[in-house]
Amino acid sequence: MKIATWNINGVKARIANLVQWLEQSAPDIACLQEIKSVDEGFPRLEIETLGYHVETHGQKGFNGVALLSKIKPDEVNRGLPGDDTDEQARFIEGVFSVEGGVFRVCSLYLPNGNPVDDPVKYPYKLAWMKRLKAFAEQRMALEEPLVLAGDYNVIPQPFDCHDPAVWAGDALFLPTTRQAYRELENLGLTCATRASTDETGLYSFWDYQAGAWPKNNGIRIDHLLLSPEAADRLASTAIEKHVRGWEKPSDHVPVVAWFNA
DNA sequence: ATGTCAACACCCTGTTGA
């Protein structure tokens, strides 16, 4: 089974890329972030035509996440628990019946947090990470294969970016951010990419600006974190870097993981 | 030295959020 995560930076602007990618990459489950669309505006027909089931948690203008899947989820939950006042659409969970049990898959768009001196943005990021930790802890007690996939807006290690010095004071790389990410890992979650390779210079995002892509000035911020039950079944991973070279690309590329049936 | 993009509001270019 192939599970992918991809921040598409606007589903309506990216529909041609999305269709091409689904046809070529053919993930069983795709976690999308930054659909930048309300649920009614999501181009679901184009996706359903390809044989995918569509579940969205949209929002006007920005944010928004979705789950595309070849099989219909048994259960879908929208929103990250822990703050009823949070109106940003950044989280959707689906439970899928597979051979020999279930796969619980979440598409998450963790807050960026910049600028760090903003009174709201960085505290919101850290609070969101705390809520994600509480959620993960609770779900891991179920002892099921769990995949928390998405745009974490976290550069875990210095070698996960082209030039660590540039990111030193950034919300994606601050010590407190990386510590909160380690707290997640320390619950017993495994990063699929890092479980498969110790290669450095692996990136999932290249800024549109300043020739970041041709210079390979990227960062690795899109991750699939796996519960022990999912990690036990991990076969391999890939970062589909070629997608960044397509016409009218997203600034992120898909990160994928294969699991034994 | 600079370099981008998408969506929105309001009307066509500026603002917001990446």
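Here is the naming used below: chain letters follow the sequence lines, and residue numbers restart at 1 for every chain.
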Check every strand shown and say whether [X] touches a base, only sugar-phosphate, or nothing at a heavy-atom separation below 4.0 Å.
X	answer
A:Ala210	base
A:Tyr109	sugar-phosphate
A:Lys121	sugar-phosphate

Pair A:Arg78 + A:Glu55, salt bridge at N-O below 4.0 Å: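 Looking at A:Glu55 together with A:Arg78, the answer is yes, because their closest N to O distance falls below 4.0 Å.
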
Requested in this report: Quick one: list whatever passes salt bridge (charged side-chain N to carboxylate O under 4.0 Å, His left out) with A:Asp86, sequence neighbours left out.
Outcome: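 Per chain and number, A:Asp86 pairs via salt bridge (charged side-chain N to carboxylate O under 4.0 Å, His left out) with A:Arg131.
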
Notebook entry, point to check: Who are the salt bridge (charged side-chain N to carboxylate O under 4.0 Å, His left out) partners of A:Arg178, not counting sequence neighbours?
Noted result: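 For A:Arg178, no residue satisfies salt bridge (charged side-chain N to carboxylate O under 4.0 Å, His left out) once neighbours in sequence are set aside.
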
[N] and [M]: how far apart are their [atom1] atoms, nearest whole angstrom?
N	M	atom1	answer
B:dG3	B:dG14	P	16 Å
B:dT15	B:dC10	P	14 Å
B:dT2	B:dA7	C1'	25 Å

State, to 0.1 Å, how close A:Ile8 and A:Arg14 come at their nearest heavy-atom pair, and which atoms those are.
->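 Smallest interatomic distance, heavy atoms only, reads O-NE, 2.8 Å.
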
Examine distances only and state if a side-chain atom of A:Ser25 and a backbone atom of A:Pro27 form a donor-acceptor pair shorter than 3.5 Å.
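No.
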
First and last nucleotide of DNA chain B touching chain A, 5' to 3', heavy-atom cut-off 4.0 Å?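 The contacted stretch runs from B:dG3 to B:dA18.
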
